[in-house]
Amino acid sequence: MEKPLTKNFLPNGAFPDLAAYELAGGYQALRQALTRMTPAEVTQAVTDSNLRGRGGAGFPTGRKWSSMPIGAGAPRPRYLVANADEMEPGTFKDRLLIEGDPHQLIEGMIVSAYAVQADVAYIFLRAEYTRAAQCLRQAIAEAYGAGYLGGNILHSGYGLELYLHISAGRYMCGESSALMNALEGRRATPRDKVLRSTDSGLWGKPTVVNNVETFCNVPHIVTHGAAWYKALSRSADGGTKIYGASGKIKRPGAWELPMGTTIRELLEEHAGGMMDGFALRALLPGGASTEFVLDEHLDVAMDFDSVQKVGSRMGTGTLVVLDDRTCPVGMLRNLEHFFAQESCGWCTPCREGLPWIEHVLAAIEEGRGEAGDLDMLARQAKFLGPGYTFCALAPGAMEPLTSGLKYFREDFERHIGERRCPWRG
Amino acid sequence: MLSPAEKQAIEEEMRHYANRPSCGLEALKIVQKHRGWVSDEGLADIAEFLRVAPAELESVATFYNLIFRRPVGRHVILACDSVSCWIMGHDRLMQRLTAELGIRPGETTPDGRFTLLPIPCLGACHRAPALMVDDDLHEAVDPEKVGEVLGKYA
């Protein structure tokens, strides 16, 4: 089984430097793209590969790039941004990709920037990823030194400047329009989606924002072609996927596997099953803002369309496992605390609604819940759902809550009826 | 007054951005790096240097989790309180930390050595519970041995 994204990973936290990366075939895709392909041909290869955005939404990458205006009269400068603001609770795949092989991300960004004819690129990295920042600083300096960045790369006539932007911490920065505000030195509030970022993004110029893992796939698509890339996958979406799992399981971790690997294989084969003495209760398939799935859903393939068929989303592809000895109400309280704290305050339902939901969940967990609380939570969940808020943060926050109210009804009722958390004794 | 070193660092960063005001967050981080935190005076000086309204810069400074508008200790502990760490024993870790330090989350020890802050998911979910001290990530921390972790920081 081929593992293109992690093939260069080294043990003990080391990463391949420029020489090692080149020895493993690195920067050959860049050479091929810039010297033998047109930008449109690179975009076409990515479109043909069925690469879908790995940040969680799964938008087709080639289609996003195709809306970038790159003709002679198109506005400049144009920007390309790697979203490395990985703050979705339960998610740690982008950190591993950056720390494991930083040149792969950089090469992917340069090839992608060439495809959309960007002049300037940023890596938007969350502040807490200090080790990743070290890796990237070294790799960017090496790439400039080798002439892979800067003016006239490999005498192709194409040039790109790449900067590392280190954020100062806020989940909203992961939303691409809020990310652009953050890069402009503003509060990370979302922008109106009437204008696409490829028309008016950073500083009003055409901008493409993609996730770290998305960019890491691009060199391999260019080198080996769309047919090879699609064949890596077990589903309609192309390629491999970095899956992960955390919670009370025997071997928590992350694994590169064919797209479409089932949840059961992830949980039972790769994560080694539940820890002794613990049973599976439910799990979040792709981070905090996805709906719970149950034991009966384990044979679903982890790809964007299949997980939706069982009422959830693949999201970031990193499972958060709830065991039978952890209180589901407490888990939901923890999740909604996160979303309430990280709401940017831009629109009223999210700003006012999420703290209220956290407040009610805290009351229920502490044995102060009231009979009407569950109906109230369900009603709030509706008004914080799709169509009522400015961005996807609150609807994302409602995914675990709505499914939790459905699957853990008895647990909620016990908390309210017994006026205590049964898990706390 | 911004120091010459601070001004120089801000001007270097400014070259990466399309205009002066866009450098606001970078400037806040630079001043914080030099002084440990961002005082009202420091904020006003940055605003003047970047030619932005102080209130606008204040809205940026208070928006982000890791710009400190109050003094912090020599070392800042960021204890992940998100879902995977919570499942794997964050509460117990926090109990041990607060007992060891004698402070609550958000506070600084009287000797100015540590500030303890909760932080969203540190991306170490498979090695939970996790915390950071300054730039160092500590994974799979045994709550009973948290004193050993803290002992590395004078």
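The basis for the numbers below is simple: all heavy atoms, side chains too, and nothing from hydrogens, waters or symmetry mates. Proteins come first, then strands; the chains are lettered A, B, ... in the order of their sequence lines, and each starts at number 1.
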Item to complete: Before giving the answer on side chain to side chain contact (heavy atoms under 4.5 Å, CB included), spell out for B:Thr115 and B:Phe68 the whole-Å C-alpha distance, their side-chain angles and the decisive distance to 0.1 Å.
Response: CA-CA 11 Å; B:Thr115 296; B:Phe68 304 136; over 6 Å; no
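- No donor-acceptor pair under 3.5 Å is formed between the side chain of B:Asp135 and the backbone N or O of A:Thr130.
- Of the two parts of A:Ala245, only the backbone, made up of N, CA, C and O, holds a non-hydrogen atom closer than 4.5 Å to a non-hydrogen atom of chain B.
- Looking at B:Ala18, the atoms closer than 4.5 Å to chain A (heavy atoms on both sides) sit in the backbone and in the side chain alike.
- Among B:Cys85, B:Pro21, B:Pro118, B:Ser59, the residue with the largest count of heavy-atom pairs under 4.5 Å with chain A is B:Ser59.
- Between chain B and the options A:Met87, A:Met331, A:Glu86, A:His337, the largest number of non-hydrogen pairs under 4.5 Å is found for A:Met331.
- Judged by distance alone, with hydrogens and angles left aside, the side-chain atoms of A:Glu88 form no donor-acceptor pair with the main-chain N or O of A:Thr91 at under 3.5 Å.
- Aromatic ring pairs are classed by plane angle as parallel below 30°, tilted from 30° to 60° and perpendicular above 60°; the pair A:Tyr122 and A:Trp203 is tilted.
- B:Arg104 has a carboxylate O that lies under 4.0 Å from a charged side-chain N of B:Glu107, or vice versa, which qualifies the two as a salt bridge.
- No side-chain heavy atom of A:Asp85 sits under 4.5 Å from any side-chain heavy atom of A:Asp94.
- For the set A:Leu284, A:Val120, A:Thr318, A:Ile166, the entry with the most heavy-atom pairs within less than 4.5 Å of chain B is A:Ile166.
- B:Tyr64 does not carry A:Arg170 over the face of its six-membered ring by the limits of under 6.0 Å from the centre and within 45° of the normal.
- Relative to the six-membered ring of B:Phe114, B:Arg74 misses at least one condition, a distance below 6.0 Å or an angle of at most 45° to the axis.
- Contacts between B:Leu28 and chain A at a heavy-atom distance below 4.5 Å are absent for every atom of the residue.
- Using a 4.5 Å cut-off between heavy atoms, B:Ile119 touches chain A through its side chain atoms alone.
- Interface remark: B:Glu26 contributes side-chain atoms only to the contact with chain A (heavy atom separation under 4.5 Å).
- For a residue to count as touching a neighbouring chain, one of its non-hydrogen atoms must lie under 4.5 Å from one of that chain's; by this rule A:Gln134 does not touch chain B.
- Ranked by non-hydrogen atom pairs under 4.5 Å with chain B, the options A:Ala188, A:Gly247, A:Ala127, A:Cys173 are led by A:Ala188.
- The choice from B:Met88, B:Gln32, B:Arg127 that makes the most heavy-atom pairs within less than 4.5 Å of chain A is B:Met88.
- A:Phe339 does not touch chain B: none of its heavy atoms, backbone or side chain, sits under 4.5 Å away.
- Comparing B:Ala27, B:Cys23, B:Ala61, B:Ser84 by heavy-atom pairs within less than 4.5 Å of chain A, the highest count is held by B:Ser84.
- Most heavy-atom pairs under 4.5 Å with chain B, from the set A:Glu342, A:Arg131, A:Glu161: that is A:Glu342.
- Using a 4.5 Å cut-off on side-chain heavy atoms (C-beta onward), A:Arg186 and A:Met180 make no contact.
- Only the side chain of A:Arg126 has a heavy atom closer than 4.5 Å to any heavy atom of chain B.
- Of the listed residues (A:His165, A:Gln341, A:Arg251), the greatest number of heavy-atom pairs within a distance under 4.5 Å of chain B belongs to A:His165.
- Residue contact with chain A, scored on non-hydrogen atoms closer than 4.5 Å, involves the backbone of B:Arg15 exclusively.
- For chain B, the option among A:Phe338, A:Tyr171, A:Tyr129, A:Phe92 with the highest count of heavy-atom pairs below 4.5 Å is A:Phe92.
- Of the residues considered (B:Val83, B:Leu25, B:Val60), B:Val83 shows the highest number of contacts with chain A, using heavy-atom pairs under 4.5 Å.
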Practice prompt. Determine, stepwise, if the pair B:Glu139 / A:Arg95 fulfils salt bridge (Lys or Arg N to Asp or Glu O under 4.0 Å).
Written response: CA-CA 14 Å; B:Glu139 301 175 289; A:Arg95 180 167 76 87; 3.3 Å; yes
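- Here the side chains of A:Trp255 and A:Leu257 are in contact, with some heavy-atom distance below 4.5 Å.
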